[in-house]
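The first residue in the sequence is number 1, and the count goes up from there.
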Amino acid sequence: PSFPTRRSSDLAIILLAQHDSFSQNVEHVFRIEQGLQSPVRIALDNSDNIYVTDVFQRSIIKYDASGYFLESISPGGLPVSIAINKDNLVFTGDCENGKIIRLETDGTTTVIYSDSIYPTSMVISNNNFLYVVDNIQKAVIVMDLNGNVVRTIGKGMLIFPTGITFEIGRASCRERV
């Protein structure tokens with residue numbers, strides 16, 4: 001795929017942190033600008049480190065909880081989607097090669113799924129299943145954290161699925177129409 005290039009000064013990720021849903025108070029709001037060229041998806045680990053997929057750099061850019069740059073991670077391919085489980089295992093979807101890659105804690109990568117998909121978005125459920133939006137099959141693929149497919153949802157119903165979230169025990173898929 002071809003992605004438009006932008007000046008880094010045009011890009012920022014604005015984060016609302018520690019939102020209290022009862023009082024509607026936001027403790028702090030900040031922008032991340034350093035190191036971004038074409039950000040696509042974002043995920044947080046248990047330490048509130050921020051991971052941003054950047055398609056132009058073909059990397060995952062990692063920031064600390066205050067938005068300071070920590071490192072650039074190159075898992076190979078074109079990382080677009082990202083999800084992090086409760087044990088801080090990072091998963092990314094490579095849209096160039098149709099793979100799901102797990103970033104191991106020792107810095108190595110493991111391809112856990114490689115069945116010609118276009119993983120535009122992903123999320124991990126409370127019971128550690130990876131829900132992957134696939135724009136080739138027009139479906140959501142549910143797999144365990146080793147890449148074993150448990151089921152496929154929405155095939156034949158979705159037209160252009162673009163995002164997914166998991167809240168209160170259920171997944172919700174977003175489509176572009």
Can you confirm whether Y68 sits close enough to L70 that some side-chain heavy atom of one is under 4.5 Å from a side-chain heavy atom of the other?
no
Expected list for residues 148-161: side-chain donor-acceptor pairs under 3.5 angstrom, two or more places apart:
residue, atom, partner, partner atom, Å
N148, ND2, D144, OD1, 3.4
N148, ND2, D144, OD2, 3.0
K155, NZ, Q137, OE1, 3.4

Heavy atoms only: give me the nearest M122-S81 pair and the separation to one decimal.
CE-OG, 3.4 Å
Could you report the tightest heavy-atom contact between P39 and V52, atom names first, then the distance?
CB-CG1, 3.6 Å
Side chains of S59 and S74: any donor to acceptor distance under 3.5 Å?
yes
Closest contact, heavy atoms only, P75 versus I60
CG-CD1, 4.1 Å
Tell me, do I100 and I117 make a side-chain contact under 4.5 Å, heavy atoms counted?
yes
Shortest non-hydrogen contact between A43 and I82, atoms and distance
CB-CG2, 3.9 Å
side-chain contact (heavy atoms from CB on, under 4.5 Å) assessment of V132 paired with F91:
CA-CA 10 Å; V132 180; F91 296 82; over 6 Å; no
With the side chain counted from C-beta on, respond yes when T92 and L103 share a heavy-atom pair under 4.5 Å apart, and no when they do not.
yes
Closest heavy-atom pair and its distance - I42, I50
CD1-CG2, 3.6 Å
Does the R41 side chain pair with the main chain of A83, one donor and one acceptor, at a distance under 3.5 Å?
no
Tell me the closest heavy-atom pair linking Y51 and I84, and the distance in Å.
CD1-CD1, 3.2 Å
